Amino acid sequence: MVRTRSGRATSAADAKPPFWKVLVLASRPNTLAASLTPVLVGYACARRELGAVPAGPAFAFWVFACLIQIGTNLHNDYADFVKGADDETRVGQARATQKGWLTPFQTAGLATAALAAR
């Protein structure tokens, strides 16, 4: 059990993780395979049709696809919280805004930054 500043007892699972870990959890890394698979398929098709294709552009496109996926995940976290879809009865992976780890403003800002990155 951990005691909060207000003296309320909470379990270690309810304690706020470090900020870097909040960012990792909020990005939902388990969904990033959805951004890698189409890039790998496209790269494989290009190599088959064109022969030697440099991997650099494929890697850059994969990074871009990851940023789109992360930005979408963060926006979903924000929108679900604002609409009231994510509340304390939610079942599944923790959402950073619903848990209070990030404010809605922070979540929206991070989503915008990920989607605007070039």
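It should be emphasised that the depicted structure is a prediction, and the values quoted were computed from it without experimental measurement. Count residues from 1 along the sequence.
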Query raised in the report: What is the minimum heavy-atom distance between Ala111 and Gly71, and which atoms define it?
Result: CB-O, 3.6 Å

Query raised in the report: Is any side-chain heavy atom of Leu23 closer than 4.5 Å to a side-chain heavy atom of Trp101?
Result: no

Requested in this report: Compare every heavy atom of Asp77 with every heavy atom of Ala96, then report the nearest pair and how far apart it is.
Outcome: N-OD2, 3.1 Å

Report task. Provide the closest heavy-atom pair for Pro104 versus Tyr78 in the form atom of the first, atom of the second, distance. Result -> O-CD1, 3.3 Å

Query raised in the report: In chain order, what residues pass the ring-ring contact (aromatic ring centres under 6.0 Å, His included) check against Phe59, with sequence neighbours excluded?
Result: Trp62

Side-chain donor-acceptor pairs of residues 36-55 under 3.5 Å, sequence neighbours excluded:
residue	atom	partner	partner atom	Å
Thr37	OG1	Ala33	O	2.9
Tyr43	OH	Arg47	NH1	3.4
Tyr43	OH	Val53	O	3.0

Query raised in the report: side-chain hydrogen bond (donor to acceptor under 3.5 Å, both in side chains): which pairs involve residues 26-36, sequence neighbours left out?
Result: Arg28-Asn76, Thr31-Asn73

**Report entry** CG-CZ distance between Leu102 and Arg95, expressed to the nearest 0.5 angstrom
**Finding:** 13.0 Å

Query raised in the report: Should Val63 and Phe61 be regarded as members of a common hydrophobic cluster, given that ILVMFWY residues are connected when their side-chain heavy atoms come within less than 4.5 Å of each other, either directly or indirectly?
Result: yes

Query raised in the report: Going by heavy atoms in the side chains, are Leu32 and Ile70 under 4.5 Å from each other?
Result: yes

**Report entry** Joint hydrophobic cluster, Leu25 plus Leu110, side-chain heavy atoms closer than 4.5 Å
**Finding:** yes

Report summary line: Taken to the nearest 0.5 Å, the spacing of Leu115 CG from Ile68 CD1 works out to 7.5 Å

